[in-house]
Each structure stands twice: as structure tokens, then as C-alpha cells.
Amino acid sequence: AKVSLADTLSAKLDLQNDYSVNLNQDLQHINTMALVKLNQYKISYNFTAENNQAETGIYAAVDSEANLEFLTVPISIPELAVPIIDFKTPAINDINLYEHTGLKHLLTSTEQTVDVDAKIVYKKSSFAVGSLVSEASFKSSIVNLNVNAEVSAEDDLVIRIGAVSASVFDGLKAKIDGTSSLTTKRGVKLATAFSLENAHVEATHDSTLNLNTEELEASLSAATVAKVNLAILTAEANHQLTADTKEHPKAASTLNIKYTLDIPVIKAVGSGDAENSLKLEAGLYFISLESSTKGHIDGTILDTGLVKGALDNTANIYLNENGLRSTLKSNGNAHISHGDLKVDFDLDEDIALEGSLSRFYSTVKIASNNEINVAALNTKGKHSFKATYDITPTSLAVDMEADLAQPSGLGDLSYFEKLTLDITNEKQKEDYTLKIVSPVYTTTAAVETEGVFPTYQGTFKATAKSPAVFLEYD
């Protein structure tokens with residue numbers, strides 16, 4: 001077909017559509033294809049389904065072509081008057097859309113083709129289950145991508161996947177490989193391997209799971225490594241996991257991360273690392289859990305500014321027929337400074353706990369310091385909290401003290417609280433002290449009680465001072 005639209009503009013259109021069917025006892029085949037072509041533009045597809053004695057498959061293909069040469073022809077837009085508002089748009093002369101829109105750098109060529117091919121095939125077998133194969137490809141001037149997957153069960157069940165992409169752009173280049181196999185000889189074994197390669201990301205994973213059905217034992221091992229390489233961030237992570245039930249159930253996990261930062265916008269450069277480990281064991285009469293987390297960062301910001309920080313945390317829990325024991329220790333610090341700006345903070349924490357049916361005993365110690373210099377705010381604080389709790393069916397003993405001081409250029413702020421309890425069947429005693437100091441209000445209070453049933457004695461004292469005289473009392 002040919003249509004003449006003007007002396008200088010013509011179009012040629014081609015159309016094609018075919019079908020074929022072949023059915024007999026050995027082969028069943030169905031095919032259809034179509035083609036549409038308009039001048040230098042073309043798109044076609046081909047679809048086939050076939051079943052024979054060896055395999056059953058579905059196949060598909062799509063091809064297209066386009067020429068964007070017309071975008072390289074300069075165009076001009078004259079000055080246009082906008083009605084009502086008395087405004088004229090400026091004239092545009094000799095603009096090249098292919099270059100000005102950035103297509104020149106993205107497409108690399110005005111000749112554009114896209115080809116897509118895909119198939120899924122079941123290969124028959126006279127022994128085991130057979131195999132299922134799937135493949136797909138995508139080709140263009142920007143990227144070529146090939147993907148394949150296979151499931152087979154001749155001797156063992158095996159699953160494979162793969163993907164490869166090639167491109168003129170490094171960020172679009174990648175390779176993926178993965179395999180998973182299941183073996184049922186002398187027990188059950190599942191093995192998996194996976195890898196990813198890219199200009200910015202790399203990752204590998206390997207794991208093995210074993211089940212011994214005769215001795216009812218299981219074991220697991222897994223390793224994962226990942227790397228990230230970006231303009232502002234590089235990082236590497238490594239994770240190891242092991243577990244088994246040979247003597248008693250136990251598992252161990254370790255995660256390590258290292259990284260560097262480079263953010264030009266705020267001139268931030270730094271590096272750091274982090275580590276986490278976890279161990280778990282369980283027996284017929286006990287459970288044990290240990291955890292550890294460590295990390296630090298060291299860098300600069302805005303050329304002369306400093307950014308530092310560190311964290312160290314350990315915790316463990318042990319439970320058996322005699323009771324529960326647990327400890328938690330943490331210390332960390334952070335520092336940020338730039339010129340007159342300064343922020344400092346540190347924390348030290350220690351908590352211990354023991355518990356049984358006859359006694360609960362716990363100690364808590366927390367201490368922190370801070371220094372902040374931001375604009376007109378200048379403050380340097382010191383905070384502490386410590387406590388002991390001892391509880392039995394016949395007694396209660398508490399010794400708790402909180403001391404917080406935060407002086408600053410705006411005035412001093414402090415808080416002090418102390419509580420002592422000693423309660424038994426024979427006697428009961430309580431001491432309580434409170435001291436709060438602020439720039440606008442200061443108050444203190446003290447309470448003492450003591451006695452042996454049925455006689456008790458107590459005293460109470462409280463005072464308050466304030467610039468507002470009517471708020472004072474004694």
C-alpha cells in the first residue's frame with residue numbers, strides 16, 4: 001500500500017500476518033507471526049508452541065526498528081503572540097532536538113533496534129522428572145540482557161538461574177549466577193550459591209543445610225559478602241552464620257561492616273566500621289545468649305570540622321534450673337566540632353541482674369557527660385544514676401541515687417534524688433531526699449520513716465526559694 005499525502009511527503013505501509021498449524025500423533029505445532037512496517041519503522045512478532053516426543057516448548061520473539069534521524073533536523077519556532085495578556089513568546093531558531101534533549105548521549109545512535117526473545121521448554125526424560133529450561137534476551141542500543149533459569153531432577157533436584165547485561169554505561173553492566181541443589185542420599189542436603197557482579201555492587205552468598213535423618217542431627221553454614229562502590233559511599237559487609245544440633249542446639253552469627261564516605265556538597269570525608277556477634281546455645285536444662293556490638297566513625301566535615309563516634313556494647317543472658325543471670329555493659333561517645341560549634345557526649349552503662357525463686361538482685365550504674373556550645377548556648381553537664389535492688393520473700397532493700405547537673409550560661413540546673421528502703425518482717429525504714437535547683441525555682445525535700453509494728457515515726461521537711469517571693473515556703 002502506498003499513500004501520497006503531498007508532493008514532498010509519502011509513506012509506505014507493509015502488513016503481514018501468517019498462521020500455521022500442524023497436528024499429528026508425534027507432533028503438535030502452532031505458529032503465528034505478524035509484521036507492521038511504516039517507512040523506516042518496523043515491528044514484528046513470532047509466537048510458537050510445540051510438543052513432540054523429546055520436549056514441549058513455547059517460543060516468542062519481538063523485533064522492532066526505528067530511525068530517529070528526523071530529530072537531528074534543526075527546527076525553528078517563530079515569535080508567537082499570546083492573546084488577551086499582550087505577551088509574545090521569543091523566537092527559537094535552529095534547535096536540534098536530538099542534541100538539546102540529551103538523546104545524543106543516551107541513545108548513542110539514531111538507528112534504534114529492540115529485539116526480545118524468550119522461550120520456556122520442558123525436556124522430557126524416561127527416568128526421573130525431566131528438566132524445565134527458560135531463557136529470555138533483550139537487545140537494544142543501550143543494553144543487552146540475557147536471563148536463563150533451569151530446574152532439573154535427573155539424580156538430584158537442581159535449580160540454576162543466570163543473568164548477564166552488557167551496556168555502554170557501566171552502571172547497567174551486571175552478572176548474576178545462582179545454583180541450588182537438593183540431595184536426598186544419606187540424608188538431606190541443600191546447597192545454594194549466588195553471585196552478583198556490577199560496577200557499583202558485588203555480592204556472593206553460599207550456604208549449606210544438612211539433615212541427618214538417622215541420628216536426627218542438623219547443621220547450617222552460610223556466608224554472605226557484599227560490596228558497594230558509589231561516588232559518595234564505599235562499603236563492604238561480611239556475614240557468617242553457623243548452627244548445628246550435634247551435642248546440643250547452638251548457633252553463631254558474625255557481621256562486619258567497613259565503609260568510607262565522601263560527600264562533596266558538605267565536604268564530608270570519613271570512614272568507620274561496625275561489628276555484631278551473636279551466640280546462642282540451648283540444652284535440656286539451660287539457655288545461653290551472648291551479644292556484642294562495636295562500631296566507630298572518624299571523619300571531617302566542612303574541611304576543618306571533626307566528626308567522631310564510638311560504641312561498645314556487650315550483653316549476655318544465662319538461664320538454668322537455678323535461676324537467671326544477665327549483664328549489660330555499654331559505653332559510647334560522640335564528638336562534633338566546627339569552629340565555635342562543639343557537641344560532646346559520652347555514656348557508660350553497667351547493669352547486672354540475678355533472679356531465682358528465692359531472691360532477685362540487681363545493680364544499675366549509669367554515667368554520662370556532655371558539653372554543648374551552639375550559638376549563645378554553652379553548657380557542660382554531668383549525670384549519674386546508681387541503684388541496688390535486693391528482694392526476697394521476706395525483705396525489700398533499695399538504695400537508689402540520681403545526680404544530674406547541667407550548668408550553662410542561662411543558669412544552673414541540677415537534680416538530686418536519693419531513696420533508701422530497708423523493709424523486713426522485724427522493721428521498716430525509709431529515707432528520701434530531693435534537691436532541685438533551677439534559675440527560677442529551687443526546692444528541697446526530705447522524708448524519714450522508721451518503725452516496728454505497730455509503732456512508726458516519721459519526719460518531713462521541705463523548703464523552696466524563688467525570685468517570686470510568694471512561691472517561697474519552709
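Keep in mind it's a predicted model, so treat the numbers as computed, not measured.
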Novice: Given side chains that start at C-beta, do those of D422 and T420 come closer than 4.5 Å, heavy atoms only?
Specialist: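 No, every pair of side-chain atoms sits at 4.5 Å or beyond.
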Novice: One pair to check against side-chain contact (heavy atoms from CB on, under 4.5 Å): L324 and I317. What are the steps and the verdict?
Specialist: CA-CA 7 Å; L324 169 71; I317 299 174; 3.5 Å; yes
Novice: V133 versus N148: any side-chain heavy-atom pair under 4.5 Å?
Specialist: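 No, side chains not in contact.
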Novice: Side chains of T300 and L306: closer than 4.5 Å at any heavy-atom pair?
Specialist: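 Answer yes - side chains close enough.
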Novice: Kindly give the heavy-atom pair with the smallest separation between S466 and V440, and that separation in Å.
Specialist: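 Of all heavy-atom pairs spanning S466 and V440, the closest is OG-O, 3.0 Å.
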Novice: Would you say that more than 12 heavy atoms from the other residues, nucleotides or ligands in this model lie under 6.0 Å from the OH of Y285, or not?
Specialist: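 No, because the 6.0 Å sphere around OH of Y285 holds 12 heavy atoms or fewer from other groups.
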Novice: State the OG-CZ distance between S180 and R160, to the nearest 0.5 angstrom.
Specialist: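 Between S180 OG and R160 CZ, I get 10.5 Å after rounding to 0.5 Å.
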Novice: Which heavy atom of K139 sits nearest to which heavy atom of N144, and what is that distance?
Specialist: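 What the structure gives for the nearest pair is CA-OD1, 3.3 Å.
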Novice: Show your reasoning for whether side-chain contact (heavy atoms from CB on, under 4.5 Å) applies to V374 and L341.
Specialist: CA-CA 5 Å; V374 179; L341 169 68; 3.4 Å; yes
Novice: What's the separation between atom OH in Y389 and atom CG in L396, rounded to the nearest 0.5 Å?
Specialist: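 One gets 10.5 Å once the value is rounded to the nearest 0.5 Å.
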Novice: Once rounded to the nearest 0.5 Å, what's the spacing between atom CE of M400 and atom CG of L419?
Specialist: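 So the CE of M400 and the CG of L419 are separated by 5.0 Å.
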Novice: Rounded to the nearest 0.5 Å, how far does CD1 of I391 lie from CZ of R359?
Specialist: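 Result: 10.5 Å between the selected atoms.
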Novice: With heavy-atom distances below 4.5 Å as the criterion, would you say the side chains of S337 and H335 are in contact?
Specialist: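 When only atoms from C-beta onward are counted, H335 and S337 do touch, with a gap below 4.5 Å.
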Novice: Measure the shortest side-chain to side-chain distance between N373 and E371 over non-hydrogen atoms and say whether it is less than 4.5 angstrom.
Specialist: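 SC-SC contact between N373 and E371 confirmed.
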Novice: Side-chain contact test, heavy atoms from C-beta onward, threshold under 4.5 Å: evaluate it for H383 versus N370 and give yes or no.
Specialist: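 When only atoms from C-beta onward are counted, N370 and H383 do touch, with a gap below 4.5 Å.
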Novice: Testing the basics here: between S76 and N93, what is the closest heavy-atom pair and its distance to 0.1 Å?
Specialist: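 Here S76 and N93 meet closest at OG-CA, 3.6 Å.
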Novice: State which residue, out of K418, K386, K429, fulfils the salt bridge (Lys or Arg N to Asp or Glu O under 4.0 Å) condition with D399.
Specialist: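 It is K418; the other options fail the test.
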Novice: Judged by modelled atom types alone, do D346 and N369 share a side-chain donor-acceptor pair under 3.5 Å?
Specialist: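 On atom types as modelled, these side chains qualify, holding a pair under 3.5 Å.
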Novice: For K227, is the NZ atom crowded, meaning more than 12 foreign heavy atoms sit under 6.0 Å from it?
Specialist: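 No, the 6.0 Å shell around NZ holds no more than 12 heavy atoms from other groups.
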Novice: Work out which heavy atom in A222 is nearest to a heavy atom in H205; give both atom names and the distance.
Specialist: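 In this case the closest contact between A222 and H205 is CB-CE1, 4.2 Å.
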Novice: Please determine whether side-chain contact (heavy atoms from CB on, under 4.5 Å) holds for the pair Y361 and T388, giving the CA-CA distance in whole Å, both sets of side-chain angles, and the decisive distance to 0.1 Å.
Specialist: CA-CA 8 Å; Y361 181 81; T388 301; 3.8 Å; yes
Novice: Do S292 side-chain atoms and T314 backbone N/O form a donor-acceptor pair below 3.5 Å?
Specialist: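 Judged by distance alone, no pair lies under 3.5 Å.
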Novice: Regarding T444 and T463, do their side chains bring together a donor and an acceptor under 3.5 Å, going by distance alone?
Specialist: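 T463 and T444 do have a side-chain donor-acceptor pair below 3.5 Å.
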Novice: Counting only heavy atoms not in K279 (residues, nucleotides, ligands), do more than 12 fall under 6.0 Å from its NZ?
Specialist: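 Result for NZ/K279: open.
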Novice: Please check if the side chain of S134 supplies one atom and the backbone of A149 the other of a donor-acceptor pair under 3.5 Å.
Specialist: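 No, the answer is negative, given that no donor and acceptor are paired below the 3.5 Å cut-off.
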Novice: Do we see a donor-acceptor contact under 3.5 Å between the side chains of E417 and Y432?
Specialist: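 Yes, because at least one side-chain N or O of E417 sits under 3.5 Å from a partner of the opposite role on Y432.
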Novice: Please name the pair of heavy atoms, one in V364 and one in S362, separated by the smallest distance, quoted to 0.1 Å.
Specialist: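 Minimum heavy-atom contact is CG2-OG, 4.2 Å.
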Novice: Are any side-chain N or O atoms of S165 and backbone N or O atoms of A174, one a donor and one an acceptor, separated by less than 3.5 Å?
Specialist: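 Checking the backbone N and O of A174 against the side chain of S165, a donor-acceptor pair under 3.5 Å is found.
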Novice: Just so I know, are the side chains of N238 and Q240 near enough to count as touching, which here means a heavy-atom distance under 4.5 Å?
Specialist: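 The answer is yes, as the side chains (C-beta and beyond) meet within the 4.5 Å cut-off.
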Novice: Under a 3.5 Å distance rule, please check whether S414 uses its side chain to pair with a backbone N or O of L404 as donor and acceptor.
Specialist: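 Such a contact is absent between S414 side chain and L404 backbone.
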Novice: Could you tell me if T293 and N276 have a donor-acceptor pair between their side chains, going purely by distance under 3.5 Å?
Specialist: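 The criterion, which ignores hydrogens and geometry beyond distance, is satisfied for T293 and N276.
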Novice: So which atom in H200 and which in N198 form the shortest heavy-atom distance, rounded to 0.1 Å?
Specialist: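 Heavy-atom minimum between the residues: N-OD1, 2.8 Å.
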Novice: Crowded around L357 CG? As in, over 12 foreign heavy atoms under 6.0 Å?
Specialist: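 No, CG of L357 has 12 or fewer neighbouring heavy atoms, counting only those of other groups under 6.0 Å.
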Novice: Flag yes if more than 12 heavy atoms outside E247 fall under 6.0 Å of its CD atom; otherwise flag no.
Specialist: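 Counting other residues, nucleotides and ligands, CD of E247 stays at 12 neighbours or fewer.
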Novice: Test side-chain hydrogen bond (donor to acceptor under 3.5 Å, both in side chains) on D403 and S384 and set out the steps.
Specialist: CA-CA 5 Å; D403 190 357; S384 67; 4.9 Å; no
Novice: Only counting residues at least two apart or in another chain, list the ones meeting salt bridge (Lys or Arg N to Asp or Glu O under 4.0 Å) with D244.
Specialist: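 K250.
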Novice: Between L278 and L280, is there a side-chain heavy-atom distance shorter than 4.5 Å?
Specialist: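 Not touching, per the 4.5 Å side-chain cut-off.
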Novice: In sequence, state the C-alpha distance, the side-chain angles, and the governing distance for T363 and K365, and then conclude on side-chain contact (heavy atoms from CB on, under 4.5 Å).
Specialist: CA-CA 7 Å; T363 60; K365 294 181 181 179; 5.8 Å; no
Novice: Distance check, rounded to the nearest 0.5 Å: H296 atom NE2 versus S271 atom OG?
Specialist: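 Here the interatomic distance stands at 5.5 Å.
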Novice: Nearest 0.5 angstrom please: S64 OG to D115 CG, how far?
Specialist: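 Answer rounded to 0.5 Å: 7.0 Å.
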Novice: Relative to each other, are the rings of H248 and F286 parallel, tilted or perpendicular (30° and 60° limits)?
Specialist: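 Geometry flag for F286 against H248: perpendicular rings.
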